Amino acid sequence: MINKDVENAINEQIKKEEYSSRLYLQMATWCEVNGFSGAAKFLYAQTEEERMHMLKFVHYLSDRGGQSIMQQIDKPPFEFKSLTDVFEQVFAHEQFITASINEVYEVTLNKRDYTSGSFLQWFITEQIEEESTMSTILDKIHLVGNDKAGYFHIDKELESMAAVRTDAPIE
Ligand code: FEO
């Protein structure tokens, strides 16, 4: 049976992963409405990835005799100033998620739940990739310029990145 504090911490993380999925879904619709079809595809793929993260935690709790409790989810923002604004918020959100995963890891250490600590290693590594991907996109946006021509190029780039993500096997 999993430690109750660890179970609660993972349930909080499940809520955050579900929120991430909804946040990126909402951002994808903004991109679609504003003519950024490549960015929309990238964010739709990211929505699926966040749902996969959530399910990974859900299955883990079940495997350890715990229960996932679905919670009330905040409404994500639906208006953005620009594509740059969208990806600045994505990057900030991923940094928030990294900090949150680290907090869950700390609970597993305090409770000497080494099995859950080991399970969390996948997420710790995943967050390196998540932050790096979003930071690279932001760098590119700043490089090509926050104007129509720059956004056209970055949208094409995001479309290619979305294709790679969609092809990747879901773990
Ligand atoms: Fe589930 Fe993007 O972190």
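One-based numbering, in listed order, for ligands and for the atoms of each. As the structure is a computational prediction, the values presented were derived from the model and not from experiment.
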**Student:** Going by atom types only, do Glu130 and Gln46 share a side-chain donor-acceptor pair under 3.5 Å?
**Tutor:** yes

**Student:** Hey, what do you get for CD1 (Ile124) to CZ (Phe119), rounding to the nearest 0.5 Å?
**Tutor:**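 Between Ile124 CD1 and Phe119 CZ, I get 11.0 Å after rounding to 0.5 Å.
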
**Student:** So, using ring-ring contact (aromatic ring centres under 6.0 Å, His included) as the criterion, who are the partners of Tyr44 when residues are at least two apart?
**Tutor:** none

**Student:** Side-chain atoms of residues 69-76: list all donor-acceptor pairs with protein atoms under 3.5 Å, sequence neighbours left out, distances to 0.1 Å.
**Tutor:**
none

**Student:** Tell me, please, which residues at least two apart from Glu18 pass salt bridge (Lys or Arg N to Asp or Glu O under 4.0 Å).
**Tutor:** none

**Student:** Can you list, by chain and residue number, the protein N, O or S atoms under 2.8 Å from atom 1 (Fe) of ligand 1?
**Tutor:** Glu17 OE1, Glu50 OE1, His53 ND1

**Student:** Should the heavy atoms of other residues, nucleotides or ligands under 6.0 Å from CZ of Arg51 be counted, would the total exceed 12?
**Tutor:** no

